[in-house]
Amino acid sequence: MSHTTGNGRQQHFWLIPYRYRIRPEHNHSERTFVTLQSVSSIQTRCVSSQSFLRQNSHNNNVYSFLLRFYSTNSNTKVDDNDDDDDDDIKFVVSILGPPNAGKSTLFNRLQCKERNKTYRLKGDKRTRGRIAARSTSYGHAIVSPVANTTRDRRECWGRIGGTTFRLMDTAGIDGPRLQTLNRTKRQKQRPQQEFDHRAMEQAMMEQTLEGARQSDLILLLWDAKLGVTQDLVETARWLRKLPQQPNVALLANKLEGDAWLHRSEHSPVLEHLNEAMRLGLGEAIPISALQGDGMADVAILIEQLKAEKRQELLDLEDTDNEDDNNNPDEREKPLQVAIIGRQNVGKSTLVNTLVQTNRVLAGPTPGLTRDAIAVQWKMENGQVVQLVDTAGIRRLTHRMDDAIEDMSVADSLRAIKVAEVVVLMLDAEALFIQRLELALCNAVIEEGRALVIAANKMDLLEMSDEYTPQDFETSVREQVESHIPMLRKTTIVPMSCLTGEGVADLLPTVVDARKRWARTLPTGVLNRWLREVISGTRSLPVVEGVQAKLKYIIQTKGRPPTFMIFTNVNELPEPFLRYLTKHFQDTFELFGMPVRLLVKKSAKKNPYNSSKGKRGGFGLGGRVARMQRRVKGFQEAKKRRRKAG
């Protein structure tokens, strides 16, 4: 917050709630808790930020972090000798813990809104119709009181203060799920048709294990009010057995406010904190992922470990950076591709086939994917692509009683809005496109994105000399064009994600669609096309008794391609606009995307003619002109009298 003093200067303040130190008799070291939230608790004290830094200068960790945080989040410049925290190294933080411990809530608090676009989009409006969602998605992880809501391993950019890092959210860990990792190789290699509940939990644990292996810091989150459970003990034992031995920090969640500190000496929360010391992972940090309490301690820990990793890389004289070069360039803006469709059409299988690893959960169970999982991948030509695997979409009447599925659909619809190219997956076994898929096509057109249709499960069709994949492609294209004329000649890629046939043709088609979607046409080329249209038309339409004249055309916006035609009328008839759009798509090959042709009535006068005629003595402004002539006449008469005298 800020306050304007008497001399007009604006002084910045922090709202810091009263947090008390843990009592030393409970074997806890003294710790000062500071929240980094703009809205504090009811009991607050207003402290000048500079004086607060001086008061806490005895604690180098707190002083260094708060100095960075203040210099990053305020307009006042603070001198700091430390180097700025940039993205020169890759530091990975993963959140693990038992089910329903608040992992996704902490994930949403730590993720960077700017880099992940987890905010309300400009002009965001709710989609209507059979694919509408009652919930609103802002790009966060799905949070629900139902245990085991999170299934896939979700990654994003995290930020706290001035420190950025890679953040992972994982599925909940418990004792039975840890036992699934010890299954024999024979049990793992089961047919995909036998993908039961136990196999799904095994796949979830494999994703969690992979996230723990890639992490530089593991935040082991647990419910402090529930206490140290057997699942938490087995999870801690499992983490200590990892060969990489990553850094593990215990976070005691769901400790909002200060009430748990002011209770009697036999407070259950303090007993749970003391009991957590026996896990062998150090002292637990009390936090509240929902309210943001205790985030300063987490920020100091992350900054310290990242600084240590940076120093280790600098101390190595012969550091090999080839591994970093093989990863996708994080500073290069990737191509955003959203994969949408109905349930169980092969979206997750397509992502795993493209990246050639089991990155997301895939199986014959409908509704397996819940969150929109973004996977960055680098093509052979160096193009960085971000594939977004979305949840399957069902019509609204089929998911009225399932709040989690409704939030998943809202997340899928948001993925369309932030994507550049949308891949619509079809089930070729259905032999025709359904109304729900046509509604998805219409949603893509309304959002102004490029569309590519992928017909999956072609291996299940009985092909012959009389019926080929090209015949199926033609049949689907005719069905789409008959319902949505804007999607004429949309590219359709027949494939089979299970066998890999035709998958290699998808990404080159996506890249080509994106180039055409982001294309900028010169004004001269556009006006030559307009003259050809005028010359090839027998007669232009008549609007309100006036024959329309198409004067010139310019491109006002790209992505989606938007053009403005200047005429002598306010609007053109809808059939004539459809004719122009069809001719425009055929000329510039803008198929599979919306082409927006706007009409504007041009001014009667030339806007570039700066010459102004003399204002007459009548009409608007005539009084002013008469007064100017009178004053000028009086001045000339005065000069003549002086010369005569």
K.L.:
One pair to check against salt bridge (Lys or Arg N to Asp or Glu O under 4.0 Å): Arg359 and Glu155. What are the steps and the verdict?
P.N.:
CA-CA 11 Å; Arg359 176 59 183 84; Glu155 298 183 18; 3.6 Å; yes

K.L.:
Return the CZ to NZ distance between Phe165 and Lys306, rounded to the nearest 0.5 Å.
P.N.:
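Interatomic distance, Phe165 CZ to Lys306 NZ, rounded to 0.5 Å: 8.5 Å.
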
K.L.:
With the side chain counted from C-beta on, respond yes when Met295 and Leu110 share a heavy-atom pair under 4.5 Å apart, and no when they do not.
P.N.:
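Met295 vs Leu110: side chains touch.
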
K.L.:
With a 3.5 Å distance limit and no angle check, can you tell me whether Asp406 reaches the backbone of Ala133 through a side-chain donor-acceptor pair?
P.N.:
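No; zero donor-acceptor contacts below 3.5 Å.
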
K.L.:
Does a side chain donor of either Gln111 or His140 reach within less than 3.5 Å of an acceptor in the other side chain?
P.N.:
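Looking only at side-chain atoms, His140 and Gln111 do form a donor-acceptor pair, the distance falling under 3.5 Å.
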
K.L.:
Report the distance from atom CZ of Arg130 to atom OG1 of Thr397, rounding to the nearest 0.5 Å.
P.N.:
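So the gap between those two atoms works out to 8.0 Å.
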
K.L.:
Between Leu217 and Phe91, is any pair of side-chain heavy atoms under 4.5 Å apart?
P.N.:
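A side-chain contact exists here, since the closest heavy-atom pair is under 4.5 Å.
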
K.L.:
So, the side chain of Asp223 versus the backbone of Ala101: is there a donor-acceptor pair under 3.5 Å, distance only?
P.N.:
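No, the answer is negative, given that no donor and acceptor are paired below the 3.5 Å cut-off.
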
K.L.:
Strictly distance-based, threshold 3.5 Å: is any side-chain N or O of Asp231 a donor or acceptor partner for the main-chain N or O of Gly175?
P.N.:
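Side chain of Asp231 to backbone of Gly175, a donor-acceptor pair under 3.5 Å: yes, one is there.
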
K.L.:
Do the side chains of Leu361 and Thr369 get nearer than 4.5 Å, heavy atoms only?
P.N.:
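SC-SC contact between Thr369 and Leu361 ruled out.
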
K.L.:
Can you sort out the partners of Ala289 under side-chain contact (heavy atoms from CB on, under 4.5 Å), two or more places apart, ordered by chain and number?
P.N.:
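Once residues adjacent in sequence are excluded, the partners of Ala289 under the side-chain contact (heavy atoms from CB on, under 4.5 Å) criterion are Thr105, Leu106, Asn253.
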
K.L.:
CZ/Arg109 to CZ/Arg159 distance, rounded to the nearest 0.5 angstrom?
P.N.:
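The distance works out to 15.5 Å.
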
K.L.:
Please report the interatomic distance CD1(Ile173) to NZ(Lys103), rounded to the nearest 0.5 Å.
P.N.:
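Going from CD1 on Ile173 over to NZ on Lys103, the span is 8.0 Å.
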
K.L.:
Looking at Trp157 and Asn116, what are the two nearest heavy atoms and their distance?
P.N.:
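Residues Trp157 and Asn116, closest heavy atoms: O-ND2, 2.7 Å.
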
K.L.:
Residues two or more places apart in sequence or in another chain: which of them pass side-chain contact (heavy atoms from CB on, under 4.5 Å) with Glu210?
P.N.:
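For Glu210, the residues satisfying side-chain contact (heavy atoms from CB on, under 4.5 Å) (neighbours in sequence not counted) are Arg153, Arg213, Gln214.
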
K.L.:
Is the backbone of Pro145 close enough, under 3.5 Å, to the side chain of Thr149 for a donor and an acceptor to pair up by distance?
P.N.:
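Side chain of Thr149 to backbone of Pro145: no pair is present.
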
K.L.:
I'd like to know if the side chain of Asn274 reaches the main chain of Leu270, judged simply by a donor and an acceptor atom lying under 3.5 Å from each other, with no hydrogens or angles considered.
P.N.:
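Yes; at least one donor-acceptor contact below 3.5 Å.
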
K.L.:
Using atom types as modelled and distance alone, determine if a side-chain donor or acceptor of Arg240 lies under 3.5 Å from a backbone N or O of Leu279.
P.N.:
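The answer is yes, because a donor-acceptor pair under 3.5 Å joins these two groups.
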
K.L.:
With distance as the sole test, does Ser408 use its side chain to make a donor-acceptor pair with the main-chain N or O of Arg370 at under 3.5 Å?
P.N.:
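Indeed, once roles are kept as given, a pair shorter than 3.5 Å links the two residues.
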
K.L.:
Taking the side chain as every heavy atom from C-beta outward, state whether Leu219 and Val93 have any pair of such atoms under 4.5 Å apart.
P.N.:
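Yes - at least one pair of side-chain heavy atoms lies under 4.5 Å apart.
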
K.L.:
Quick one: pull up CG in Asp174 and CE in Met205 and give me the separation to the nearest 0.5 Å.
P.N.:
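Spacing of CG (Asp174) from CE (Met205) equals 8.0 Å.
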
K.L.:
Backbone N or O of Val360 within a donor-acceptor pair of the Asn352 side chain at under 3.5 Å?
P.N.:
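Here the side-chain-to-backbone pair exists.
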
K.L.:
Got a sec, which residues hit side chain to side chain donor-acceptor pair (under 3.5 Å) with Arg151, two or more places apart in sequence or on another chain?
P.N.:
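So Arg151 forms no side chain to side chain donor-acceptor pair (under 3.5 Å) with any residue.
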
K.L.:
Decide yes or no for Leu221 and Ile287: does some side-chain heavy atom of the first lie under 4.5 Å from some side-chain heavy atom of the second?
P.N.:
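Yes, their side chains come closer than 4.5 Å.
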
K.L.:
Got a donor-acceptor contact below 3.5 angstrom from the Ser94 side chain to the Ile218 backbone?
P.N.:
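No; judged by distance alone, with no hydrogens or angles, the pair does not exist.
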
K.L.:
Can you find a heavy atom in the side chain of Arg399 that is under 4.5 Å from one in the side chain of Val409?
P.N.:
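Side chain of Arg399 against side chain of Val409, heavy atoms only: contact under 4.5 Å found.
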
K.L.:
Which value, rounded to the nearest 0.5 Å, describes the distance between Thr163 atom OG1 and Glu303 atom CD?
P.N.:
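Output value for this atom pair is 4.0 Å.
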
K.L.:
What is the minimum heavy-atom distance between Val388 and Ala415, and which atoms define it?
P.N.:
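Smallest interatomic distance, heavy atoms only, reads CG1-CB, 4.0 Å.
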
K.L.:
With a 6.0 Å cut-off (strictly less than), is the heavy-atom count around CD of Gln356, excluding the residue itself, greater than 12?
P.N.:
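12 or below, so no.
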
